[in-house]
Amino acid sequence: MNQSFPKIEKLKSKKQIEQLFSEGKSISIYPLKLVYLKIKLKTEKPIQTGVTVSKRNFKSAVKRNRIKRLLRESYRLNKHLVFNTLEGEYAFMFLYLGREMPIYQELETNMIKVFQKLVKKEKNEKSN
RNA sequence: UUAGCAGGUCACCUUAUCGCUGCAUGUAAAACUUGUUUUUACAUGGAGAGGAAAGUCCGGACACCAUAGUGCAGUAUAGCGGGUAACGCCCGUCCGCCGAGAGGUGAGGACAAGUGCAGCAGAAAGUAUGUACAGGUAAUGCUGUAGUGAAACCAGGUAAACUCUAUGCGGUGCAACGCCAUGUAAAUCAGUGUUUAAGGGUGCACGCCCAAACUGAAGGGUAGGCGGUUAGAGCUUCUAAGUAAUUAGUUGUCUAGAUAAAUGAUAAGGACCUUUAAACUUGUUUAAAGUUACAGAAUCCGGCUUAUGACCUGCUUUUAUU
RNA sequence: GGCAUUGUGGCCGAGUGGCUAGGCAGAGCUCUGCAAAAGCUUGUACAGCGGUUCGAAUCCGCUCGAUGCCU
């Protein structure tokens, strides 16, 4: 099972990010929020992902960095849940909405829940 | 021991598994300009945040604007001597102030160039004036004291008030700037041309440059890519000079280059510290729980300032003991 | 990342070094049968720390917060 998370799977294009926020749908399970959009990507990977933490909630750069690292880590270890089950190409953006420092285990269970919800939702849309 | 002063050091460690970003080497594939080229993938090796990376408060390097000019304006600094690429920094020293002391601290030139300012109180605060008491005189604020105030018988105070003196400072900042790709300009370049009117190059004056029109060439935006971008006023060993800051020679060494922004996650063990409980030798041991403080490079250096955990060394005052 | 501006009661907003104006809002009183309006009274401020000065909202330095500009 591939658990790597190289540069090419990161969402970087400013245009695509703007498009994602203006047109994308979202799933939120507190304190996580996933904004996603079915989009044509330039790379051959099925998903590109980004991660953000608000400067308003966490002033310290050290804390923001740590949360983003934890988010990336939990995505990296659980992305197999969506990598092969979804059809088409997607752009993801994870937001951390909480105001307290997270604990890794809780973050991971939330991440899994988000993925399960996402897969269900997309299947329903397809059948409709 | 208690209280304090000064200086210095470190910034949790080890192992395993899964990952991230450069670099080097090798293998494979693709592309063509067939090169020990470029791109992609994999493997191996090695590297990967700080003492403040922070605030952006000073000073430089570097880049462009005229190889940045002159005067004014503006602005910064201010005992004396030294160090430095430079500084508002550092070292030494004199003086003032604070402290019992170790020590700390000071924008510390000039009010005998000119101008301004001083509420309340007080007779009087700037062309001085005249209360009470005492003394004195031919006579008089003529002399002393008191009282008000930060400052008062007349000279002063104040320049982190204007100002003067001396010295320094052109402006903008790596989102500077250069190249490539894309490419419909009034913008750019070259040639011809040459007048001053507006205008531009931080404010004003001067100076310099550009600037009409025609012909030819070429092509800006799209937050695309590459360079700038990390080997440097670098770190380090020893010796010499110097009270010191520092300098000279010498030995060894290569030490992050990300760009929605790389150092992480999990598990085990250990160290440190904190809290709680128990035991007794009263400051140690054992057990349990928690777990490192401040904080994340963004062009690069030298300082300053601010935030902050632990340890070590030297010194001072008082008291006690030997 | 770089460069600027700014901070005065709950809110808005004056303030040449000498007791910090004014308006709105709040509270109390008067007026009224009750309210509104009006009038009177009243509480609450110089972002923080240090320096210069006899004396700082004001001058100087540092810190904290807020806002804007540059691709």
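Predicted, not measured: the structure shown is a model, and the values here were computed from it. Below, chains carry the letters A, B, ... as their sequence lines are ordered, and counting in each starts from 1.
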**Q** I'd like to check the salt bridge (charged side-chain N to carboxylate O under 4.0 Å, His left out) partners of K25(A); sequence neighbours left out, ordered by chain and number.
**A**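 Result, salt bridge (charged side-chain N to carboxylate O under 4.0 Å, His left out) vs K25(A): E125(A).
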**Q** Taking atom P of A295(B) as reference, at what distance in whole Å does atom NZ of K63(A) sit?
**A**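 Whole-Å distance recorded here is 8 Å.
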**Q** Which whole-number value in Å describes the distance from N65(A) CG to C20(B) P?
**A**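 It works out to 18 Å between those atoms.
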**Q** In whole angstrom, what separates K79(A)'s NZ from G19(B)'s P?
**A**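 Result: 10 Å.
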**Q** Ignoring hydrogens and angles, does a donor from either the side chain of R76(A) or the base of C20(B) sit under 3.5 Å from an acceptor on the other?
**A**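 There is none.
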**Q** Rounded to whole angstrom units, what separation is found between the CD atom of E73(A) and the P atom of G19(B)?
**A**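 The distance from CD of E73(A) to P of G19(B) comes to 10 Å, rounded to the nearest Å.
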**Q** Determine the interatomic distance between C1' on G7(B) and the same-named atom on G283(B); round to the nearest Å.
**A**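 To the nearest whole Å, 31 Å.
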**Q** Taking atom C1' in both A52(B) and U305(B), what distance in whole Å separates the two?
**A**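 The answer is 11 Å between these two C1' atoms.
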**Q** Taking all atoms of both residues into account, what is the closest heavy-atom pair of L32(A) and M111(A), and its distance?
**A**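 What the structure gives for the nearest pair is CD1-N, 3.8 Å.
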**Q** Report which part of the nucleic acid R72(A) touches: base, sugar-phosphate, or nothing (heavy-atom distance under 4.0 Å, all strands).
**A**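 Here R72(A) touches the backbone only, sparing every base.
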**Q** Can you tell me how far C1' in A166(B) sits from the matching atom in C80(B), rounded to whole Å?
**A**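 Per the computed distance, 15 Å lies between those C1' atoms.
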**Q** Classify the glycosidic conformation of U37(B) as syn or anti, calling it syn when the angle lies within 90° of 0.
**A**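 U37(B): anti glycosidic orientation.
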**Q** In this structure, would Y104(A) and V51(A) fall into the same cluster of hydrophobic residues linked by side-chain contacts under 4.5 Å?
**A**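 Yes.
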**Q** Closest nucleotide of RNA chain B for V62(A) versus for G50(A): which of these residues is on the 5' side?
**A**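 The 5'-side residue here is G50(A).
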**Q** Just jot down the ring-ring contact (aromatic ring centres under 6.0 Å, His included) partners of F94(A), sequence neighbours excluded, or say none.
**A**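 Scan of F94(A) (ring-ring contact (aromatic ring centres under 6.0 Å, His included), adjacent residues dropped) gives Y75(A).
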**Q** Mind telling me if U255(B) is syn or anti? Syn here is a glycosidic angle within 90° of 0.
**A**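 In terms of base orientation relative to the sugar, U255(B) is syn.
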**Q** Hey, which sits more toward the 5' end of RNA chain B by its nearest nucleotide, L70(A) or M93(A)?
**A**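 This one resolves to M93(A).
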**Q** Should G22(B) be called syn or anti, with syn set as within 90° of 0?
**A**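 G22(B): syn.
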**Q** Compare the minimum distances between each of G19(B), A260(B), U266(B) and the side chain of Y104(A), then state the nucleotide with the smallest one.
**A**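 Closest nucleotide to the Y104(A) side chain: U266(B).
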**Q** What's the CZ-P distance between R69(A) and U266(B), to the nearest Å?
**A**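 Nearest whole value for this atom pair: 13 Å.
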**Q** Considering only the P atoms, how many Å lie between C301(B) and G92(B), rounded to the nearest integer?
**A**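 The same atom, P, in both gives a distance of 28 Å.
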**Q** Can you tell me how far C1' in A256(B) sits from the matching atom in A6(B), rounded to whole Å?
**A**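 After rounding to an integer number of Å, I get 36 Å for this pair.
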**Q** Sticking with atom C1', work out how far A125(B) lies from A118(B), rounded to a whole angstrom.
**A**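 Approximately 7 Å lies between the C1' atom of A125(B) and that of A118(B).
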